[in-house]
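Below is one structure; the comments refer to it alone.
Protein chains get the first letters and strands the later ones, always in sequence-line order, with residue 1 at the start of each. Just so it is clear, the model here is predicted, and its values are computed rather than measured.
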Protein chains: 2
Amino acid sequence: MEEGTSTSLGYPEGTVSAWSDAHQWDTREDCEVRQILDRIADKWSLLVLALLAERPLRFSELRRRIDGVSQRMLAVTLRHLERDGLVSRTVFPVVPPRVDYALTELGESLGSTVQALVEWTEGHQERIIEARNRYDSAKVSAEA
Amino acid sequence: MEEGTSTSLGYPEGTVSAWSDAHQWDTREDCEVRQILDRIADKWSLLVLALLAERPLRFSELRRRIDGVSQRMLAVTLRHLERDGLVSRTVFPVVPPRVDYALTELGESLGSTVQALVEWTEGHQERIIEARNRYDSAKVSAEA
DNA sequence: CAGTATCCTAGCAGATACTG
DNA sequence: CAGTATCTGCTAGGATACTG
């Protein structure tokens with residue numbers, strides 16, 4: 001996609017070692033990481049993953065739980081997660097139709113991390129809001 | 001921002017219990033969560049946080065490490081993280097100017113989770129790519 | 001070096017309507 | 001119920017230029 005801006009070619013090979021030391025995300029391999037990260041951390045994916053980490057849910061349940069998500073975006077998000085092998089889609093041949101979504105094994109291995117992230121956010125929202133207020137009032141008085 | 005779409009007023013209060021049972025994100029309080037989540041999980045924040053979790057870095061170092069980020073977006077991202085109280089900004093009155101960014105205490109409490117997320121992505125990218133290929137070729141043969 | 005200011009556009013995402 | 005299709009606006013974010 002965006003290739004390196006400046007020194008995209010000719011890396012000092014060997015910089016790709018896992019998470020060991022100083023990290024660089026400008027190697028080709030890590031471009032994948034950025035792209036995947038963008039996908040699982042997009043507007044709705046985290047929420048969907050966190051919910052499915054609890055238990056399987058059907059489309060309408062997910063929609064009800066994640067208020068504000070449009071039918072389209074939930075469908076799109078689920079299709080992405082399914083494509084990435086994180087979520088499985090099970091269609092029950094009944095009428096009215098019923099479709100269950102659940103985490104795959106791969107998805108489960110992500111589930112706890114995502115839940116941790118969501119839990120962190122829940123547990124620290126107060127402090128973040130405080131920080132914002134501090135920052136904003138500092139800005140205002142600085143500009144005045 | 002987007003307020004509840006349908007039933008934004010008149011919640012059955014008491015639905016806000018932490019992470020206990022079945023979760024709902026359509027309560028007012030949890031709207032905050034969504035908003036905060038969107039911010040820390042946006043295109044560049046996760047990467048910045050993960051890098052700063054290792055050690056403090058200056059602007060140009062961050063920019064070099066996160067290839068593909070524009071000067072503008074790195075600045076914007078850092079301003080957001082600073083506003084949220086996750087990152088501290090230290091200006092050294094030297095010439096040429098030098099500015100260090102580091103995680104605050106609050107940021108540190110998030111750091112390990114974010115690193116876990118990034119590590120997970122690094123460790124599972126192969127499997128995701130495989131899953132995508134499977135999905136795509138299944139789609140193609142289904143349409144053919 | 002470490003930013004801000006401005007301009008501009010690709011594509012994300014909402015609304016709406018239709019289908020198996 | 002569980003979607004897909006289409007249209008469209010809005011804004012995130014890239015490119016560029018300028019400053020302390």
Applying side-chain contact (heavy atoms from CB on, under 4.5 Å), run through A:Leu62 and A:Leu78 and close with a yes or a no.
CA-CA 10 Å; A:Leu62 280 169; A:Leu78 286 168; 4.0 Å; yes
With both distances kept under 3.5 Å, what pairs with D:dG20, Watson-Crick or G-U wobble?
C:dC1
About how many Å separate CZ of A:Arg63 and OG of A:Ser60, when rounded to the nearest 0.5 Å?
9.5 Å
To check you understand the geometry: which heavy-atom pair defines the closest contact between B:Thr104 and B:Ser88, and what is its length?
CG2-N, 3.7 Å
Rounded to the nearest Å, what distance is computed from the CE atom of residue B:Met73 to the P atom of nucleotide D:dA12?
8 Å
Quickly work out the B:Glu61 CD to C:dA2 C1' distance and round it to whole Å.
13 Å
The side chain of B:Val99 is closest to which nucleotide in this list: D:dA5, C:dG3, D:dG13?
C:dG3
Measuring from the side chain of B:Trp44 (C-beta onward, heavy atoms only), which nucleotide among C:dA13, D:dG14, C:dT4 has the closest atom?
D:dG14
Of the options D:dG14, D:dA2, C:dA15, whose atoms approach the side-chain atoms of B:Lys43 most closely?
D:dG14
Whole-Å distance separating the CG atom of B:Leu62 from the C1' atom of C:dC1
13 Å
What is the distance from CZ of B:Arg63 to C1' of C:dT4, rounded to the nearest Å?
14 Å
Side-chain ion pair, A:Asp100 and A:Arg98, N-O less than 4.0 Å:
yes
Counting side-chain heavy atoms from CB outward, which of C:dC1, C:dG3, C:dG14 is closest to B:Pro97?
C:dC1
With a non-hydrogen cut-off below 4.0 angstrom, is A:Tyr101 in contact with a base, only sugar-phosphate, or nothing?
sugar-phosphate
For B:Leu74 and D:dT16, give me the distance from atom CG to atom P, rounded to whole Å.
18 Å
d(CZ, B:Arg34; C1', C:dA13) in whole Å
13 Å
In this structure, how many angstroms lie between the P atom of C:dA13 and the CD1 atom of A:Ile66, rounded?
13 Å
Taking the side chain of B:Gln71 as heavy atoms from C-beta outward, which of D:dG14, D:dA2, D:dA17 is closest to it?
D:dA17
Under 4.0 Å: is that the gap between some side-chain N or O of A:Ser70 and OP1 or OP2 of C:dA13?
no
Expressed as a whole number of angstroms, how long is the span from A:Asp38:CG to C:dC12:P?
11 Å
Under 4.0 Å: is that the gap between some side-chain N or O of B:Arg72 and OP1 or OP2 of D:dA17?
no
Give A:Arg58 one of three labels, base, sugar-phosphate or nothing, depending on what nucleic acid heavy atoms sit under 4.0 Å from its own.
sugar-phosphate
Atom CD of A:Glu105 and atom CD of A:Glu108: how far apart are they, to the nearest 0.5 Å?
8.5 Å
